[in-house]
Peer 1: 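My questions all concern the structure below.
Numbering starts at 1 and runs along the sequence shown.
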Amino acid sequence: MDTSEPKPSAEASPGDPVHGNGSEVLMHMPVNVRSVSLGVLAVLACIVILRWAADVFIPLMIGVMLAYALSPVVDRLVRWRIPAALAAALVMLSLVGGVAVTGYVLEDDAMELIDSLPETARKIGQVLRPSRSSSDSALQKVEKAAAVIERAANDGAAPTPARGVTRVQVERPSFNIRDHLWIGTIGLATLVGQAVIVLFITFFMLASGDTFRRKLVKIAGPTFSKKKITVQMLDEITALIQRYLLVQVFTSVLVGITTWLVFMWIGLEQAPVWGVLAGVLNMIPYLGAIAVTGGSALVGFVQFGSVEMGLVVGGASFVIQTIEGYLVTPWLTSRAIRMSPVVVFVAVLLFGWLWGVWGLLLGVPIVMVIKAVCERVDDLKPIGELLGA
């Protein structure tokens, strides 16, 4: 009887499983080290370029997103025999006019909210500062002990300088409000300039219609199959981005209206302003909800004069943000973009590190485009499968 170990067949392909001793199964897969290395280097180079040229890519990506969001309206106007350039101009003017009208209507409430900030800071300081008549708190005792230790260390480490040696002491520069105002003015001018660039990019993309789409199909390849794949890929990218933006707009409007009504029922002043802030900041994952909840709790504490009412206002905002963030948005997003929640979180984390707040807004749409492209390329299908739900 033959007791030799089983040997793999000479005709087995490199990808077939090979059985070794016992129940161990080994999978031999060909790995091209050179191609993997080049891919890793290309990814790292893209990350460096995206971070280095953030001032260029951020307005470009925001303009592309706005163009995708507004293209259905422009297409409808074009079907009504309105030229594409005129339709794009009408849509952009309507968008800017709507933002201007909203700001004008809420100007008084917004100014009242801004004027209340010093009072908010004063009351918070009163709550955090312990009373003078009470005994020293543990924090004060630690601070006194640290001061004593620091003085003792300075006395031991800094001997009296010898004769003829001048002791130099470096003093911190005094606070200059003009420097901070100048920095704030530069930041505001930069923001306005980027907003203008975004508007121009959006307008030109809307006015060009499907010109870029036809060019991409033309350069995709001479065969009909390649052109068909390109058309399907572009259609899927358009559908994914539009569905994602529709979900974001719907949930933001829902959060804004709900926050406005609940705050008005509680009796919080400037409830419409908080509704608009909650709707706008809802588009920023994670950080937007934290900012609205913390800010509304502080304003509620200042207005009502009690910590309990501040917690009630902040708790109401927290409940609204939690229901939207953990129930409504995940369900709608999973049906709209078919992406893994882990991939969404990693995309937000990565692009938030690259581009800050703007990266939080643009991370998911960029990964959606990557997923749609990978699913249409044979060699990249495993990456598309990894990014999918």
Peer 1: Has Ser317 got a side-chain atom pairing as donor or acceptor with Gly314's backbone, closer than 3.5 angstrom?
Peer 2: no
Peer 1: Is there side-chain contact between Thr238 and Gln242, with heavy atoms separated by less than 4.5 Å?
Peer 2: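 Yes; the side chains approach each other to less than 4.5 Å.
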Peer 1: Return the minimal non-hydrogen interatomic distance between Ala85 and Ala207, and the atom names on each side.
Peer 2: CA-CB, 4.0 Å
Peer 1: Do the side chains of Val343 and Val43 join up, straight or via other hydrophobic residues, at under 4.5 Å, putting them in one cluster?
Peer 2: yes
Peer 1: Any non-hydrogen side-chain atom of Phe304 less than 4.5 Å from a side-chain atom of Leu268?
Peer 2: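 The answer is yes, as the side chains (C-beta and beyond) meet within the 4.5 Å cut-off.
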Peer 1: Please report the interatomic distance CG(Leu77) to CD1(Ile82), rounded to the nearest 0.5 Å.
Peer 2: 4.5 Å
Peer 1: Can you check whether Asp55 reaches Gln194 side chain to side chain, under 4.5 Å on heavy atoms?
Peer 2: yes
Peer 1: Between Leu41 and Ile370, is there shared hydrophobic-cluster membership here, with clusters defined by ILVMFWY side-chain heavy atoms closer than 4.5 Å?
Peer 2: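 No, separate clusters.
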Peer 1: Taking side-chain contact (heavy atoms from CB on, under 4.5 Å) as the criterion, tell me which of Ile320, Asn282, Leu281 meets it with Val292.
Peer 2: Leu281
Peer 1: Between Leu70 and Met92, is there a side-chain heavy-atom distance shorter than 4.5 Å?
Peer 2: yes
Peer 1: Hey, what do you get for CZ (Phe203) to CG (Leu66), rounding to the nearest 0.5 Å?
Peer 2: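 Atom-to-atom, Phe203:CZ and Leu66:CG are 14.5 Å apart.
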Peer 1: For a quick test of reading the model, state the closest non-hydrogen atom pair linking Ala278 to Gln321 and the distance between them.
Peer 2: CB-NE2, 4.4 Å
Peer 1: Within a 6.0 Å radius of atom CZ on Arg51, are there more than 12 heavy atoms belonging to other residues, nucleotides or ligands?
Peer 2: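 Correct, the count exceeds 12.
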Peer 1: Would Leu362 end up clustered with Val48 when hydrophobic side chains under 4.5 Å apart are linked, directly or stepwise?
Peer 2: no
Peer 1: Are Leu86 and Leu95 connected in a single hydrophobic cluster, I mean Ile/Leu/Val/Met/Phe/Trp/Tyr linked by side-chain heavy atoms less than 4.5 Å apart?
Peer 2: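 Looking at the clustering, Leu86 is in the same group as Leu95.
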Peer 1: Could you check whether any side-chain N or O of Ser71 sits under 3.5 Å from a backbone N or O of Tyr68, counting only pairs where one atom can act as donor and the other as acceptor?
Peer 2: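 Checking the backbone N and O of Tyr68 against the side chain of Ser71, a donor-acceptor pair under 3.5 Å is found.
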Peer 1: Given the rule that I, L, V, M, F, W and Y join up when any side-chain heavy atoms are under 4.5 Å apart, are Val101 and Val99 in one cluster?
Peer 2: no
Peer 1: Give the ring-plane orientation class for Phe57 versus Trp355, where under 30° counts as parallel, over 60° as perpendicular and anything between as tilted.
Peer 2: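 Phe57 vs Trp355 ring planes: parallel.
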Peer 1: Specify the closest pair of heavy atoms between Ala88 and Leu206, including all atoms of both residues, with the distance to one decimal.
Peer 2: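 Nearest pair, atom of Ala88 first, then Leu206: CB-CB, 3.6 Å.
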Peer 1: Closest heavy-atom contact between Met264 and Ala271?
Peer 2: N-CB, 3.8 Å
Peer 1: Enter the distance from Ile266:CD1 to Leu261:CG here, rounded to the nearest 0.5 Å.
Peer 2: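 Between atom CD1 of Ile266 and atom CG of Leu261 there are 11.5 Å.
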Peer 1: Mind checking whether Val369 and Leu240 have side chains closer than 4.5 Å, heavy atoms only?
Peer 2: no
Peer 1: Please evaluate residues Phe250 and Val255 with respect to the criterion side-chain contact (heavy atoms from CB on, under 4.5 Å), reporting the C-alpha separation (whole Å), side-chain torsions for both, the decisive distance (0.1 Å), and the verdict.
Peer 2: CA-CA 9 Å; Phe250 173 76; Val255 168; over 6 Å; no
Peer 1: Give me the one residue out of Ile62, Leu60, Ile58 that meets side-chain contact (heavy atoms from CB on, under 4.5 Å) with Val198.
Peer 2: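 Checked Ile62, Leu60, Ile58 against Val198; only one passes side-chain contact (heavy atoms from CB on, under 4.5 Å): Ile62.
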Peer 1: Locate the shortest heavy-atom distance separating Leu360 from Gly352; write the atom from each residue and the value.
Peer 2: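 Result for this residue pair: CD2-CA, 3.9 Å.
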Peer 1: Say you draw a straight line from CG of Leu199 to CZ of Phe204; how long is it, rounded to the nearest 0.5 Å?
Peer 2: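 Leu199 CG to Phe204 CZ: 11.0 Å, rounded to 0.5 Å.
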Peer 1: Nearest heavy-atom pair of Ile201 and Pro59: which atoms, and what distance?
Peer 2: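 Between these two residues, the closest heavy atoms are CD1-O, 3.8 Å.
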Peer 1: Could you please spell out the steps behind the side-chain contact (heavy atoms from CB on, under 4.5 Å) verdict for Glu308 and Val312?
Peer 2: CA-CA 6 Å; Glu308 291 77 8; Val312 168; 5.5 Å; no
Peer 1: Measuring from Ile47:CD1 to Phe351:CZ, what's the distance to the nearest 0.5 Å?
Peer 2: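 Between atom CD1 of Ile47 and atom CZ of Phe351 there are 8.5 Å.
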Peer 1: Taking Ser296 for the side chain and Thr293 for the main chain, is one N or O donor matched with an acceptor at less than 3.5 Å?
Peer 2: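 The answer is yes, because a donor-acceptor pair under 3.5 Å joins these two groups.
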Peer 1: Counting C-beta onward and ignoring hydrogens, is there a side-chain heavy-atom pair between Phe200 and Val196 closer than 4.5 Å?
Peer 2: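 When only atoms from C-beta onward are counted, Val196 and Phe200 do touch, with a gap below 4.5 Å.
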Peer 1: So with a 6.0 Å cut-off around CH2 of Trp260, is the heavy-atom count from everything else above 12?
Peer 2: no
Peer 1: Taking the side chain as C-beta and beyond, is there a heavy-atom pair between Val313 and Val299 under 4.5 Å?
Peer 2: no
Peer 1: Do Ile366 and Met61 come close enough that some side-chain heavy atom pair is under 4.5 Å?
Peer 2: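 Yes, at least one pair of side-chain atoms sits under 4.5 Å.
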Peer 1: Taking it one step at a time, do Met309 and Phe301 satisfy side-chain contact (heavy atoms from CB on, under 4.5 Å)?
Peer 2: CA-CA 6 Å; Met309 288 303 300; Phe301 162 71; over 6 Å; no
Peer 1: Can you tell me how far apart CE (Met205) and CE (Met65) are? Round to the nearest 0.5 Å.
Peer 2: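 Result: 11.5 Å between the selected atoms.
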